[in-house]
Amino acid sequence: MNTASVSLGASVSSQSRLVQLALAALLGVFVVGFVGFSHIDAVHNAAHDYRHSMAFPCH
Amino acid sequence: MNLFRNVVFIAAIAGLVAGVVLACMQAYATVPLILKAEVYEQAGGGHHHDHAAPSSSAVNSVAAAGNTMSSVASPPADAAAPAEDEGWAPADGFERFAFNVVANIVTGIGFGLILVAASEFAGGIGNWRQGIFWGLAGFAVFTLAPGLGLPPELPAMPSAELLPRQIWWISTVAATAVGLGLIAFRKSLPLAILGVALIVAPHIVGAPQPESFETPIPEGLHHQFVVAVTLTDLVFWLVLGAAVGVVRGRFTGTATSLRDSFA
């Protein structure tokens, strides 16, 4: 499988690249974790069908 | 923060597309089964709706004592429907559907962020076909692996305490992701073996299981639900990966030949 020849933000330094990608991944983990794993009842109830449909541990 | 902005932009568009697709599939495939199961849940009376993790019974009794309205409205045993169990819940019908769509889009963007960030470390998803393979990996990591130990559940199905299951789910996802990464991107036999071991290990440890598997849910209904969840999630991940490839291709101006065959 070939990878893309042009990468996003190729001009930034490798360290800054690492930090920015890690931040983006962290944001994603936070978003999914809040909707799928939060113990707040209102959040659980709002996303109830979604949690079941994604096989997240629920109830 | 140029790169960060690009990643968020691509994840937002791909997550929106994949989330809407998944919400539509759920409306026909999984939500009707959840509603059917809730009928059994209400008919069966007692159910296993342990929300709080370590001291669920204590919290339940506190909640019942504190919330006099609901304890008057419902029988003393915690036999309320999930929607009216505790706190606010969307009303059945359109409101519930709308919140499900929102949850799908928001988490679609969240999964998109994880997928784009992870794939950028490996050079990025260049076109929709590479996206399909990244989507398969996401499906394996987030649906297949945790689903082996903790199959998709319907309401009223017995399960172990919530927190240990969530911990097992997250550990399994992390171990499977690292294991797949080691196999795919480190060209070394010992590391590939380590990767396989990481993928297998959570299942040797074993997912937290309920004390009893007794449930009012017919086995056929549950099986139907497992199939529906697995297939809808598979399509979601394939769409998400492909959409990332298409959007990213337009962004960077690469992948000209494959770009136009999709989208």
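Both backbone and side-chain heavy atoms feed into the values below; hydrogens, waters and symmetry mates do not. What you are looking at is a predicted structure, and each value in this text was computed from that prediction instead of being measured. A note on names: the letters A, B, ... follow the listed sequences, proteins ahead of strands, and every chain is numbered from 1.
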Heavy-atom distances under 4.5 Å only: say whether [X] touches chain A with side chain, backbone, both or neither.
| X | answer |
| --- | --- |
| B:Gln26 | side chain |
| B:Phe236 | side chain |
| B:Ile170 | side chain |
| B:Leu22 | side chain |
| B:Ile10 | side chain |
| B:Thr143 | neither |
| B:Asn104 | both |

Which one wins on heavy-atom pair count under 4.5 Å against chain A: [options]?
| options | value |
| --- | --- |
| B:Leu154, B:Thr230, B:Thr232 | B:Leu154 |
| B:Phe111, B:Trp168, B:Phe99 | B:Phe111 |
| B:Asn100, B:Val8, B:Leu35 | B:Asn100 |
| B:Ala29, B:Ala184, B:Gly110 | B:Gly110 |
| B:Thr30, B:Val226, B:Ile114 | B:Ile114 |

| task | Check whether A:Phe56 gets within reach of chain B through its side chain, its backbone, both or neither, counting any heavy atom under 4.5 Å. | result | both
| note | If one checks every heavy atom of A:Leu18 against chain B at 4.5 Å, the contacting part turns out to be both
Donor-acceptor pair, side chain of [X] and main chain of [Y], under 3.5 angstrom:
| X | Y | result |
| --- | --- | --- |
| B:Arg248 | B:Trp128 | no |
| B:Glu41 | B:Pro155 | no |
| A:His52 | B:Glu153 | yes |
| B:Arg96 | A:His48 | no |

| query | Which heavy atom in A:Tyr50 sits nearest to a heavy atom in B:Thr107, and how many Å separate them? | reply | OH-OG1, 2.7 Å
| field | Exercise: identify the closest heavy-atom pair between B:Leu240 and B:Gly112 | value |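 Here B:Leu240 and B:Gly112 meet closest at CD2-N, 3.9 Å.
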Do [X] and [Y] have side chains that approach each other closer than 4.5 Å (heavy atoms only, starting at C-beta)?
| X | Y | result |
| --- | --- | --- |
| B:Leu148 | B:Leu144 | no |
| A:Asp49 | B:Phe97 | no |
| A:Phe37 | A:Pro57 | yes |

| task | Show your working on side-chain contact (heavy atoms from CB on, under 4.5 Å) between B:Arg5 and B:Asn2 and close with a plain yes or no. | result | CA-CA 5 Å; B:Arg5 197 195 60 206; B:Asn2 199 13; 3.1 Å; yes
| said: Heavy-atom pairs under 4.5 Å with chain B: which of A:Ala46, A:Ser53, A:Gly36 has the most? | reply: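 Greatest number of close heavy-atom pairs with chain B: A:Ser53.
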| message | Among A:Leu21, A:Val31, A:Val29, A:Val35, which residue has the highest count of heavy-atom pairs closer than 4.5 Å to chain B? | response | A:Leu21
